[in-house]
Amino acid sequence: MSFSKQEIAARAAQEIAPGSVVNLGIGLPTLVADHIPEGSDVWLQSENGILGMGPFPYEGDEDPQLINAGKQTVTIVPGGSTFDSATSFSMIRGGHVDLAILGAMQVAQNGDLANWAIPGGRVLGIGGAMDLAAGARRILVLTSHVTKKGAPKLVKECSFPLTAAGVVARIITDLAVIDVTPKGFRLVELAPGVSEEEVRAGMDAELLA
Amino acid sequence: MSFSKQEIAARAAQEIAPGSVVNLGIGLPTLVADHIPEGSDVWLQSENGILGMGPFPYEGDEDPQLINAGKQTVTIVPGGSTFDSATSFSMIRGGHVDLAILGAMQVAQNGDLANWAIPGGRVLGIGGAMDLAAGARRILVLTSHVTKKGAPKLVKECSFPLTAAGVVARIITDLAVIDVTPKGFRLVELAPGVSEEEVRAGMDAELLA
Amino acid sequence: MTEVKNEGRHRRKLRASVTEALEGLSDGARIMVGGFGLCGNAEALIKGVLDAGVKDVTLISNNSGNLEKGLAAWLKADIVRRVICTYVGNNEDLHRKMAGKSVEVEIIPQGTFVERMRAAGAGIPAFYTPTGVGTVVAEGKEHRDFDGVTHILEHALRADFALIRAHQVDAFGNLRFWRTARNFSPAMATAAKTTVVEADEVVPMGAIDPDDVHLPGIFVHRVVEVREHEDPYEYKRTRPRPGEAALDATGGAR
Amino acid sequence: MTEVKNEGRHRRKLRASVTEALEGLSDGARIMVGGFGLCGNAEALIKGVLDAGVKDVTLISNNSGNLEKGLAAWLKADIVRRVICTYVGNNEDLHRKMAGKSVEVEIIPQGTFVERMRAAGAGIPAFYTPTGVGTVVAEGKEHRDFDGVTHILEHALRADFALIRAHQVDAFGNLRFWRTARNFSPAMATAAKTTVVEADEVVPMGAIDPDDVHLPGIFVHRVVEVREHEDPYEYKRTRPRPGEAALDATGGAR
């Protein structure tokens, strides 16, 4: 059992209040867009300069000068706007984006987030990750519970370079929904058929029930 | 003899390089606009949000939402633009305005400018004066040589509250054109029929010839 | 197990009345009001604040009224305790309050005024500026040299409410302004907890091209349509049409 | 007695060729190049810099090319000594140069990247930001608390040249951008000593309504019209039209 990627995305969509502005990170978070109910007035912000990002364009309608922060062709919904990067990061850093849904390499029990570089690994860069992590009002992380090699991603302390310190509010993995509280990780919800023990086994930190 | 107000304005217009951006202060500097030659590509900036300010509108064309920084109805020339105050002062403070032509209550021999308040007098406010004085690439001052009561305006040290320190490059009065140099005031040009002695007599500072 | 979610701030922004648009405004509020003098004032919202009966307001606005119009009404009604502005000019109402010390007035340079609001909206708590160095404005502020030039530290300027006027708005709050009515309004909208817009016209979603939005709706929380405005002139200046002057001179049609 | 005046920078901006538009570019120049990846690149100017034969360039651009396109050509030609960017991604050319240490690469957060340029253009030498606190980005930087939150000091980022792409331009350099091709270009234009624009179309003066100018010409110094652009896709994603998928499924017209 456990959550599939689409189920993680669907569960994440439940975290989005109707009438809020959300920035979706690259990868797993991108899938969340498909699970936002119609008519819920959720506005997707893309840090390269869109508020009101729509789905991929119909074939033939794509415009190379209309892309998202992942550099994929996208569309703009009615009521959407385009703007320069300074304005875009004013929105982000200024606390106007209600929720950022981000991927993670590691999350620490104090809310530290590491999602931009692995020591000794190839550096892909920071992009908008640090601004989003520091500036959005709420940070939701979507990630596999453990790495492909089975290493825990929810840890006492991040060993990877931080993206931001103490920012993560909630994590949704394939095994569980977990909050970061002042006392550490707290179990909110188990994926169907997953036991608390399985969740704990994949973590290198305490889990409060 | 000496320069009339219009002659001061005409002389000031000679200071404007073709193809430059100029901000004209309230009062005497406003008159300069009428003396800028046609086709010289001089762009007037008004700090309330216009680049490319034109003359007063024809009767009947006035728009209460199109005003200059003196709150008078104006027009916009072809190629002009409107923008918000943050952008406007980015232009000014960022050194993009080539020349500001300002009025003065006092100018000191080190280039200090006082033009916003008289001690004990009624405070009209600062407006854009401090930003213009600190930010424009060159500051030209137009002023009567002495006050209505005959007090010198070109002084060793300003007794009035400063607008900005050490910023004035050149002063045009009804009696003379005077530069501020590292050694103090230097006479550049006398108004027709005015003697160097008359100029000196109206100053409370040295005048280098 | 999922916690109950509040509705976000970007739903149902259109308000039926000024009263509804100003809900929650309370005594002691810090209120930013857009406009360069009377140009670009949110006239109905300004009146609405009076009707709401709040007092001890901190008013953050460039001029705080003029010629007995606009925000002068707040001063006359004695609902303002403190004014942060850049220019008083011939605003006799404000001069009287200053002289009588019934209103505390802080006058700051216009570029610093708007940059402090822009900073608040952009998540910048403080910045260095050359404006005001060597003047009373710099007194008591941190001084610091960058590349040999002295600057002073200025802090972000925030408010509870921003009351602004726009030309066009859609249901999400995307705005377009008209000419120089834009002035401080975009920066104020970003710097306030609740931004209320009084727009000449509500247009359908999508009617404003994405590239033509002056201020994205993320910075706007409530919208009220107000079709009629006085839009007073402060100093109406015109010139005669070329043909007409000649006609006048020859005793023509006029 | 009147001193001889130089002509201001706002005359005769239209250039007949890319070569003319890049006059004065020299070895060691700091060059900002607009574009989010390949989106909004000034393609002809990027090629023109290669043709100009300059070297030891400091390149300030969000991505510095990708998929062997755009600024990748500068890396391949070894004219870049240093890169200031926010994201490398799958830019293999840059990865190779980084690995070989032939190019020094400084990676900074995207919001800080653009705010530093905006600050340079706005006369702000430095500002405090919360972004990067507690990360490698904050190392060696001044830390300071505002309202109990720690921030770091970041400095203005300037350049000798900014090379940007626009959709429309007039002879004064007023610009309009198309959709997300705007990105860093307005901020870069304000932060460079000389801003060169490659525009799809030169329009008559006044053709752009004053309220619709995205970037006023005061920030633009040279303009060259380039009608043809490759505008490569990085990741072209589409979805089938509603009708067509059904047609496909039933063995229809496609």
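Small disclaimer: the values here were computed from a predicted structure and weren't measured. Residue numbers start from 1 in every chain, and the chains themselves are labelled A, B, ... in the order their sequence lines are given, proteins ahead of strands.
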(request) Could you tell me the separation between the CG atom of D/D211 and the CD1 atom of B/I76, rounded to the nearest 0.5 Å? (result) 7.0 Å
(request) Report yes or no: does B/D41 contribute a side-chain atom to a donor-acceptor pair with the main-chain N or O of D/R11 at less than 3.5 Å? (result) no
(request) Kindly compute the distance separating CZ (B/F89) from CD1 (D/I124), expressed to the nearest 0.5 Å. (result) 12.0 Å
(message) Using a 4.5 angstrom heavy-atom cutoff, name the option from D/A171, D/G206, D/P204, D/A122 with the most pairs to chain B.
(response) D/A122
(request) Taking atom CG of D/D147 as the centre, report whether more than 12 heavy atoms of other residues, nucleotides or ligands fall under 6.0 Å from it. (result) no
(message) What part of B/V177 gets within 4.5 angstrom of chain D, counting heavy atoms only: side chain, backbone, both, or neither?
(response) neither
(message) Can you confirm whether more than 12 heavy atoms, excluding those of D/E142, are under 6.0 Å from its CD atom?
(response) yes
(request) Please name the pair of heavy atoms, one in D/V213 and one in B/G80, separated by the smallest distance, quoted to 0.1 Å. (result) CG2-O, 4.3 Å
(message) Please report the interatomic distance CZ(D/F219) to OG1(B/T87), rounded to the nearest 0.5 Å.
(response) 7.0 Å
(request) Please confirm whether the backbone N or O of D/G121 pairs with a side-chain atom of B/H96, one donor and one acceptor, at under 3.5 Å? (result) yes
(message) Counting heavy-atom pairs under 4.5 Å with chain B, which one of D/P216, D/G217, D/A191 comes out on top?
(response) D/P216
(request) Give a yes or no on whether the backbone of D/P210 and the side-chain of B/T82 come within a donor-acceptor separation of less than 3.5 Å. (result) yes
(message) Can you confirm whether more than 12 heavy atoms, excluding those of D/E23, are under 6.0 Å from its CD atom?
(response) no
(message) Tell me whether the count of non-hydrogen atoms from other residues, nucleotides or ligands lying under 6.0 Å of CD in B/E196 goes above 12.
(response) yes
(request) Tell me, out of B/I50, B/L51, B/I92, who's got the most heavy-atom pairs with chain D below 4.5 Å. (result) B/L51
(request) Just give me the residue among B/Q45, B/R93, B/M91 that pairs up with chain D most often, heavy atom to heavy atom, under 4.5 Å. (result) B/R93
(request) Evaluate the side-chain proximity of B/S20 to D/E7: yes if any heavy-atom separation is below 4.5 Å, no if none is. (result) no
